[in-house]
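Starting from 1, each residue takes its place in the sequence as its number. Numbering of ligands and ligand atoms starts at 1, following listing order.
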Amino acid sequence: MKDFHDLIVNRRSIRRYTPEEISPEDVKTILEAALMAPTSKSSRAWHFVVVEDSKQLELLSKCKVSGAGPVAGCALAIVVAVDAKITEPWIEDASIAATYIQLQAEDLGLGSCWIQVKGRFTETDLESEVYVQNLLEMPDSIIPVCIITLGHKAEERKPQAVDKLQWEKVHIGTWTER
Ligand SMILES: Cc1cc2nc3c(=O)[nH]c(=O)nc-3n(C[C@H](O)[C@H](O)[C@H](O)COP(=O)(O)O)c2cc1C
């Protein structure tokens with residue numbers, strides 16, 4: 001494992017991928033990470049739909065008007081969804097699991113990108129959540145929050161600019177403008 005801080009510095013959203021598949025071992029490691037993500041009251045109300053079929057990925061990429069292009073070209077996508085009836089902080093729980101997936105992928109040398117679903121719409125003004133539910137035959141009660149695209153990196157991105165961090169957003173003790 002890389003140093004964790006280095007991993008954070010080097011993780012960037014990767015939107016272009018090689019055609020190489022992700023090994024079953026790596027897929028398992030990534031899903032293990034997702035299933036170990038913390039949840040409010042340990043509700044573990046999330047569900048993860050793994051999509052590898054290229055035709056399904058193409059259709060999934062049409063889940064919103066723009067910004068879902070990487071889904072069509074990724075090796076595998078994980079739809080992070082949650083049973084919102086079980087837990088009130090469902091967005092938080094799903095978001096943490098999605099972040100775990102991205103960080104685990106980076107640790108394995110894979111690229112990933114978060115594709116927002118919740119609150120978005122298709123070209124025909126259908127809610128993206130409903131589009132994804134219909135496509136993947138999901139129950140109405142399970143809300144897709146985002147799609148994490150995964151694949152071997154076909155682009156290089158600069159690491160985070162550690163020297164340009166917005167330290168003015170940090171307020172010590174009380175809210176002090178800096
Ligand atoms: C809540 C959320 C929604 C995002 N939605 C999209 C998206 O729909 N499409 C996309 O290409 N990137 C999306 N991203 C990736 C962001 O654009 C990216 O994280 C941001 O530009 C910072 O770049 P970095 O991840 O390389 O540091 C999303 C990220 C987050 C956290």
Query - Pairing residues for Ser40 by the side-chain hydrogen bond (donor to acceptor under 3.5 Å, both in side chains) criterion, not counting sequence neighbours - result: none

Query - side-chain hydrogen bond (donor to acceptor under 3.5 Å, both in side chains) against Lys158, all qualifying residues, sequence neighbours excluded - result: none

Requested in this report: Spell out, yes or no, whether Val27 and Ile78 are grouped together once hydrophobic residues are joined by side-chain heavy atoms under 4.5 Å, including indirect joins.
Outcome: yes

Report task. Would you mind listing every ring pair (Phe, Tyr, Trp, His ring centres under 6.0 Å) that reaches into residues 101-152, with sequence neighbours excluded? Result -> none

Query raised in the report: Can a donor-acceptor pair be found between the side chains of Thr176 and Thr174 at a distance below 3.5 Å?
Result: no

Query raised in the report: Near ligand 1, which residues have a heavy atom under 4.0 Å away from one of its atoms?
Result: Arg11, Arg12, Ser13, Arg15, Lys64, Gly67, Cys113, Trp114, Ile115, Gln116, Arg157, Gln160

Query raised in the report: Under 4.0 Å between a Lys/Arg side-chain N and an Asp/Glu carboxylate O for Glu155 and Arg16?
Result: yes

